[in-house]
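To start, the structure under review is shown below, and the notes come after it.
Proteins get letters first, then strands, A, B, ... in listed order; numbering begins at 1 in each. Please read these numbers as outputs of a predicted model, since none were measured by experiment.
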Amino acid sequence: MPELAPAYDPSKVEDRLYRQWTERGDYRANPASAKPAFSIVIPPPNVTGILTLGHVLNNTIQDILARRARLQGKEVLWLPGTDHAGIATQTVVERTLKKEGKIKHRDDLGREEFLKQVWQWKEKHGGIIIQQLKKLGASCDWSRERFTMDPSYSACVQQVFVDLHKKGLIYRGRRMVNWCPVSRTALSDEEVIMKEQKGHLWHFQVAVEGKKGRFLTIATTRPETIPGDTAIAVHPKDPRYASLIGKFALRPLPPEQPETQRRIPIVGDEHVEMEFGTGVLKVTPAHDPADFAIGQRHQLPAIEVIDESGHMNPAAGEKLAGLDRIKARAAAAEQLKELGCLEKEDPYTNQVGYSERADVPVEPRLSEQWFLKYPSTENSRKVVASGEMRFFPDRWTKVYDHWMDNLQDWCISRQLWWGHRIPVWYRGKESRCQVESPGEGWTQDPDVLDTWFSSWLWPFATMGWPEKTPELKKFYPTTDLVTGPDIIFFWVARMIMAGFEYMGERPFHNVYFTGLIRDAKGRKLSKSLGNSPDPLDLIAKYGADGLRFGLLRIAPQGLDIRYDEKQIEEGRNFANKLWNACRFRQQQGPCDAQADPAKHPRTPFSDHLLAELDALEKNLEKMYANYEFSQIAQALYGFVWDEFCARFIETAKADFANTASPTRPGTLATADFVLSRILRYLHPFMPFITEELWLTLGLGRESIQFSKWPETGQIRWDAISSKNAETCYATAEAGRRLRGEFGLSGSSKLKYLLLAKTSPSPEDLRTLAKLLQSGSVETCTRAPKAPMTPTPWGDLYLPLEGLLDPAKETARLEKEITVAEAARAREAAKLADPKMASKAPPEKVEEWKRIEREADEKIVRLREQLKLFTT
RNA sequence: GCGCGCUUAGCUCAGUGGUAGAGCGGCUGCUUUACACGCAGUUGGUCGGAGGUUCAAAUCCUUCAGCGCGCACCA
């Protein structure tokens, strides 16, 4: 058995073990297995992406679930893969080609050639994030890695499109959509983020035809769209304006147009808010969704004044044409001023939709797009509402319900090249929806599908659908989905619908939503802020286990995480602590994998440790059932550090030092038994170090990954003995506190005296001395004149020749008495209240009495001691 | 505007009815038969405010405030 190094060095362990695990095929899932199935599909990261802390959190949680399931003897499939991420990838590649000076626009290359470049890019960079996940220790079945643009996957996407089209759920229409002028494509509603924008509210006047001197004042944030106005709307019940409905007004822009072209009707529409602005609304059906609806109601024409790149077109007039829409805004206001119809200009803040990817305001635009009416909505709604599929934390169900109750048809076409091309073919006025080309003379729709239109099939398309594969039979529906709540609509809800529509069943049993990771100042991590640490740097510094454990320990369920590198450092420190605990055990001789503490006489400390372990195990079950990962990490941390190291190992040192001790075999067996279990409990969180220790100590002959998850309720211990250990620990703590009052360190060879209430054995006293980190503890029969503290074992004295200062000791005792008196008073007050004493449950009253009694005893002891110094 | 979440020690957070906790930080000591990525001790909180329910409230209810997020066609 090679000796463990004094400090744990992850770099010597992690890569070696991971290679071993994957080369051996440890994570290959066998659909023919008789074992119960456990499955997860990875939320496929963007193929051009690199690992972020968010990925670390997300994938560590999946790995914890997968590794625990493996330990529980399940057949585990964790299915990995990547997403082609249409807009993001196309933008990255296009930008790179531009930077390299190869093109000015993708049109320079043409569709075929451009796509070749994207594929090349994908081949070169697409594997990066996968490699990074391996560094993290992710136990994915890499033999099943999928990509959303794989030929078989693409076939699924096309087939689903054709099917939904056949069912009449997919249709084409000229609609108002969210248009991104940078990417020059339509976006779905979900890809638009509302942002507050500081701008202006311009008030301008229009003359009413046939009513000399009658003007209407209109308030607008977008004067550049005035040339596209085709009506003016007022509320039909507005007493100020109702009489004007049916009349006409003159649109001021573009001024060079003849009046006949600028003459627009005044219409009455309930959409207009009388209280807002002036109560008069300009209507631009081509560039505003609400105005489009008004236009439909009143059969208004739509005049486009902004082109697909966000620039004003000739219809906007000679002064505006060619200008960017933002610049045109100021120019239009200027024009109004020159014409003398600008009444005022107020600063104004409103909500504006931004393109999620390009981070520019979206331009509502009329265009021909494909839309989907969501399928299987009833089942999808019900499965969550009924609690059959559970969300953790469950408050997300409300968000889901709300979205499902307000479904809008999904705009699924994108004017991009990188993605799944829409399987619709045209020849003249004919069109056909089918996967293969109908033949000569037919041309395919140039648009591609929204990336999410492929991701929503992920849980079954990755398992070989539409074939009835053994994988689907064994592993669908998947057990858990772990993802961020930010994609609940984009992905989770849609997957549920697709699952019902194509598998007749929900895609997963439970969904766990992680929190978002923020920096110490509470800001989201982002590349542009530069506050996003590279997980690989962290792995190099602290080890993958340290990173995983440190991050998980501070990741409360359902809340955002304030990330601080200090936490990762603590994860590493914990790994080292565990390492050294094992190292110390190793120094005492070989471990016994079959160790059974029940077969040996034991010290109270062993019993106490076993009792604590039993409590921990029962807790773990509960916490896993609720997906409380940070609490699990916290509980394991506390158990290893405080119970195993600080208490058990310290007391075990007596047995370790004395080979003739009758309790030595029991102590060793307890150490082995407990270590063997906690390594298994820690393995899902810290796969590398636990495997290394497991194998090196010889706690199992084979990998810890396939050892057995311990059964709870199997541990036997002596409760009285365990209680005795507790009093010993309490006695030692009191003694250390006493020593601390005198500023003495643990290295001073002190002699304590115990005026014992019980009859401690010489062995007990030696152990107490060990815990006190002192020279010795001896019993005495009379109270010496020395500092004292009452303990469960009796009064503990610390004779300090020469150091004793009666005034100081008096002060110390008085302070302790004050504290004890406060405790007694608190309980006494409760007991004295007749309502409390009569209505509270008897066991509570007993507890209060006990606390009062103990405080009382303490006070008596302390007062007696005080007398020694004051008389 | 509607909805959700958060507010507990200097910091990050546990704690869902019965003696306010952890880690970090600060301070004081310590090469003690594993571990300085360590050990011992210590400091530090009227649990955001106000009402209410209860024998008993950090915890349940109401309300207010601050912060964050989501949804929403007031130009």
## Note on the structure
Separation of B/G5 atom C1' from A/Arg395 atom CZ, nearest Å, is 5 Å
### Ring centroid separation A/Phe648 to A/Phe605 under 6.0 Å
no
### Task
Can you figure out which of B/U33, B/C55, B/U19 approaches the side chain of A/Asp833 most closely?
B/C55
### Message
Using the ring pair (Phe, Tyr, Trp, His ring centres under 6.0 Å) criterion, which residues pair with A/Trp403? Sequence neighbours excluded.
### Response
A/Tyr374, A/Phe489
#### Entry: Helical stems, RNA chain B - three or more consecutive Watson-Crick or G-U wobble pairs below 3.5 Å
B:1-7 with B:65-71, B:10-13 with B:21-24, B:26-30 with B:38-42, B:48-52 with B:60-64
### Task
Name the closest nucleotide to the A/Gln631 side chain, picking from B/C35, B/G18, B/G15.
B/G15
### Query
In terms of side-chain heavy atoms of A/Lys835, which of B/C55, B/U33, B/C35 is nearest?
B/C55
### Message
From the set B/A14, B/A56, B/U19, return the single nucleotide nearest to any side-chain atom of A/Met836.
### Response
B/A56
### Message
Classify A/Lys541 by what it touches in the nucleic acid, base, sugar-phosphate, or nothing, heavy-atom distance under 4.0 Å.
### Response
nothing
### Message
Going by the rule side-chain hydrogen bond (donor to acceptor under 3.5 Å, both in side chains), which residues pair with A/Lys195 if we only count those two or more places apart in sequence or in a different chain?
### Response
A/Asp359
### Query
Does any donor-acceptor pair link the side chain of A/Lys830 with the base of B/U19 at a separation under 3.5 Å?
no
### Query
Just checking, any donor-acceptor pair under 3.5 angstrom between side chains of A/Asp346 and A/His200?
no
### Task
Answer yes or no: does a side-chain N or O of A/Lys398 lie under 4.0 Å from OP1 or OP2 of B/C4?
yes
### Task
Determine whether the aromatic ring centres of A/Phe629 and A/Tyr512 lie less than 6.0 Å apart.
yes
### Query
Heavy atom of residues 571-581 of chain A under 4.0 Å from RNA chain B: which residues?
A/Arg572, A/Asn573, A/Asn576, A/Lys577, A/Asn580, A/Ala581
What pairs of donor and acceptor atoms, side-chain ones from residues 392-402 of chain A against any protein atom, are under 3.5 angstrom apart with sequence neighbours left out?
from	atom 1	to	atom 2	distance (Å)
A/Arg395	NH2	A/Gly558	O	2.5
A/Thr397	OG1	A/Asp394	O	2.6
A/Tyr400	OH	A/Ser380	O	2.8

### Query
Reading nucleotides 65-75 of chain B 5' to 3', which nucleotides get B (base under 4.0 Å from a protein heavy atom), which S (sugar-phosphate only), which -?
---S--SBBBB
### Task
Tell me whether the OP1 or OP2 atom of B/A40 has a side-chain N or O from A/Arg736 closer than 4.0 Å.
no
